[in-house]
Every structure is written in C-alpha cells, then in structure tokens.
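Down below is the structure, laid out as structure tokens.
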Amino acid sequence: MATEKIALYNLADLKNTSDDAIPNYLNSLKFKQSYVLQDVRLGLGYGAFSVAALCFLWDYRLGWDATKYWTAAAVAVYMVLNAALTYWMTYKEKNVIYQGTAPSGDEITISTTTKKNVPIYNLDITVRPKRAADGKPQKYTLAREFAGWFDEVGFFVAAPFQEMLASAVPLIGKQDPKRVKASAATVDASPDLLDAVLAASATEGKGEARQRKA
C-alpha cells in the first residue's frame with residue numbers, strides 16, 4: 001500500500017499514481033525498461049533550451065548588430081526543435097508510460113489515458129514477440145475504475161492493481177502467476193495464461209504439502 005494518500009476526486013493524481021506503479025511492478029518481475037522515448041524527448045527539450053540560452057548569452061555580450069544573423073539562425077533552429085518535440089510527444093509517445101522487454105525477449109508497450117471527469121483508467125497494451133515468425137503483435141485494451149485499487153480513504157493498494165495486469169496480459173501473468181485471477185473463458189482463450197495459472201497452482205500445492213509435513 002502506498003504511504004501517500006491520494007484525493008479520490010483528483011483524477012490527475014489517481015492516474016499519475018497508477019502510472020508510476022506500472023514500471024515499479026514490471027521491473028520487479030525482471031522486465032527491462034527502455035528509456036528511448038524519454039531520452040529523445042529530453043534531448044529535444046534540452047536542445048531547444050540550450051539554443052535559447054546561447055542566443056541570449058551572445059546577444060548580451062556582443063550586442064544585436066554583431067549577432068543578428070546568428071540570432072535569426074538560432075530562432076530557426078529553436079522552432080525546428082520545438083516542432084520536433086511536439087511531433088515526438090504527439091505521434092511517437094502517444095501517452096506511452098512504459099516500454100520494456102520481458103525475460104523471454106518479448107517487448108511490451110503500455111499507454112494510459114483518462115477522460116475528463118470519468119474515473120476510469122484506460123490501458124492500451126501491445127506485446128511484440130521476440131521473433132516476427134511467432135506472430136503479429138498482440139493488443140489488449142482495458143478500462144477499469146480507479147476504485148479497484150484505491151481504498152476508501154485514497155491509499156493505493158498494489159495487489160488488485162497487479163492482479164488486473166497479470167490476469168489480462170499473459171506475458172505479465174507468466175512472470176507473476178500468483179497474481180493471475182482470470183475467468184475460465186479468458187484462460188481457455190489464452191494458452192500462455194493457462195500455463196501461468198497451472199504454474200501458480202503447482203507452486204501453491206507444493207507449498208501446502210511442505211506445511212503439512214512440517
């Protein structure tokens with residue numbers, strides 16, 4: 001459970017807390033997170049800031065007449081960098097809050113969104129097999145109420161949140177089978193999820209057997 005209480009009416013805080021929980025959970029399952037999207041965004045943002053800072057510095061030291069052509073070029077570069085940053089955030093990141101690789105080598109991308117005044121957490125999850133020959137990317141779409149993993153006073157509860165992800169996405173369920181809580185229809189539709197459920201059942205059975213012997 002989170003140590004910080006969240007105001008249940010604050011949709012932004014609910015989403016941000018949930019978003020932050022996804023990398024923490026997947027990385028704990030030995031997924032390797034990719035920071036390419038964030039690194040490119042930061043590079044473009046710092047690049048634009050650096051151009052603006054240099055433009056101010058040389059104008060302050062050398063004066064307008066000596067630097068007006070350089071300033072014009074700097075403005076053009078600044079506009080290009082900001083346009084690239086806007087394009088990257090709008091068309092490349094697309095609300096992506098996690099990219100990573102599972103121990104199996106399969107890649108996973110998770111995007112999250114909310115609608116104004118609607119306490120529903122929307123997730124779009126894409127799993128790309130390690131080898132193209134293994135099939136097309138698998139897509140999963142989830143829409144769950146925040147009340148499913150925030151208690152009545154606003155504390156984040158990890159277990160139901162993790163169960164939602166593990167039960168909906170076989171790639172995650174295989175890494176954390178104890179969290180898989182799926183219906184029979186869902187399990188039957190996904191051999192990978194069935195393997196995860198069976199693995200969890202076998203582990204729990206061994207644990208109970210040891211306790212009886214003890």
Side-chain angles (χ1 to χ4, degrees), residues 1-49 81-103 106-128 137-176 178-182:
M1 182 180 290
T3 57
E4 182 179 356
K5 185 168 68 173
I6 301 299
L8 295 176
Y9 58 81
N10 191 323
L11 193 58
D13 283 351
L14 293 172
K15 180 181 184 301
N16 291 336
T17 301
S18 301
D19 286 349
D20 291 342
I22 290 177
N24 292 336
Y25 175 48
L26 296 185
N27 292 342
S28 73
L29 299 179
K30 298 183 179 180
F31 281 73
K32 185 177 181 180
Q33 186 172 1
S34 170
Y35 297 95
V36 172
L37 290 177
Q38 296 93 322
D39 289 344
V40 172
R41 171 160 47 88
L42 288 173
L44 291 171
Y46 281 122
F49 173 80
L81 288 173
N82 268 284
L85 179 60
T86 300
Y87 171 82
W88 186 262
M89 294 176 65
T90 303
Y91 297 101
K92 292 296 184 181
E93 288 195 35
K94 293 183 179 179
N95 302 309
V96 172
I97 55 95
Y98 188 86
Q99 279 189 320
T101 305
D106 298 333
E107 297 179 353
I108 185 171
T109 300
I110 301 178
S111 302
T112 64
T113 58
T114 56
K115 294 181 180 180
K116 186 176 181 180
N117 299 325
V118 180
I120 299 293
Y121 193 49
N122 302 293
L123 300 97
D124 291 306
I125 304 170
T126 301
V127 174
R128 295 179 176 82
Q138 301 166 341
K139 296 182 182 293
Y140 307 89
T141 301
L142 306 177
R144 300 288 190 274
E145 293 185 4
F146 287 105
W149 51 87
F150 283 93
D151 65 18
E152 63 276 5
V153 295
F155 284 107
F156 177 81
V157 184
F161 185 76
Q162 295 171 358
E163 287 173 1
M164 173 191 68
L165 294 171
S167 301
V169 185
L171 184 65
I172 300 175
K174 289 178 69 176
Q175 291 301 119
D176 193 9
K178 292 183 179 180
R179 292 294 188 195
V180 176
K181 303 292 182 183

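Residues K32 and N27 fail the side-chain proximity criterion, which asks for heavy atoms closer than 4.5 Å. Using a 4.5 Å cut-off on side-chain heavy atoms (C-beta onward), L37 and Q99 make contact. In this structure, P103 and K30 have side chains that are in contact, with non-hydrogen atoms separated by less than 4.5 Å. No side-chain heavy atom of V157 sits under 4.5 Å from any side-chain heavy atom of F150. Between T114 and I120 there is no side-chain heavy-atom pair separated by less than 4.5 Å. Put simply, the side chain of I172 does not reach to within 4.5 Å of the side chain of V180, judged on heavy atoms.
Summarising the geometry, atom CG belonging to L11 is positioned 11.0 Å from atom OH belonging to Y121; distances are rounded to the nearest 0.5 Å. Taken from CG in N95 to CD1 in I110, the straight-line distance is 13.0 Å, to the nearest 0.5 Å. For the atom pair T112 OG1 and I22 CD1, the distance stands at 6.0 Å (nearest 0.5 Å). Atoms CD and CG, from Q162 and L26 in turn, are 9.5 Å apart once rounded to the nearest 0.5 Å. Atom CD1 of residue I125 and atom CG of residue L165 lie 6.0 Å apart, to the nearest 0.5 angstrom. Rounded to the nearest 0.5 Å, atoms CG (L44) and CG (L81) are 6.5 Å apart.
The minimum heavy-atom distance linking R179 with A159 is given by the pair NH1-CB, 3.4 Å. For I97 against P23, the heavy-atom pair with the smallest separation is O-CG, 4.2 Å. Here the shortest heavy-atom pairing between L171 and A102 reads CD1-CB, 3.7 Å. Nearest heavy atoms, Q175 versus F31: CG-CE1, 3.7 Å. When all heavy atoms of I108 and V169 are compared, the pair lying nearest together is CD1-CG1, 4.4 Å. Here the closest non-hydrogen pair linking P137 and T126 is CB-CG2, 4.0 Å.
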Practice prompt. Please assess E93 against R41 for the test side chain to side chain contact (heavy atoms under 4.5 Å, CB included), listing each intermediate value before the final yes or no.
Written response: CA-CA 9 Å; E93 288 195 35; R41 171 160 47 88; 2.5 Å; yes

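Ring geometry for W149 versus F146: interplanar angle over 60°, hence perpendicular rather than tilted (30 to 60°).
The aromatic ring centroids of F161 and F156 lie less than 6.0 Å from each other.
Although no hydrogens or angles enter the test, the distance criterion places a donor-acceptor pair under 3.5 Å between the side chain of S28 and the main chain of Y25. Remark: side-chain polar atoms of N10 are not paired, donor with acceptor, to backbone N or O of I6 under 3.5 angstrom.
Atom CD of Q33 has more than 12 neighbouring heavy atoms from other residues, nucleotides or ligands inside a 6.0 Å radius.
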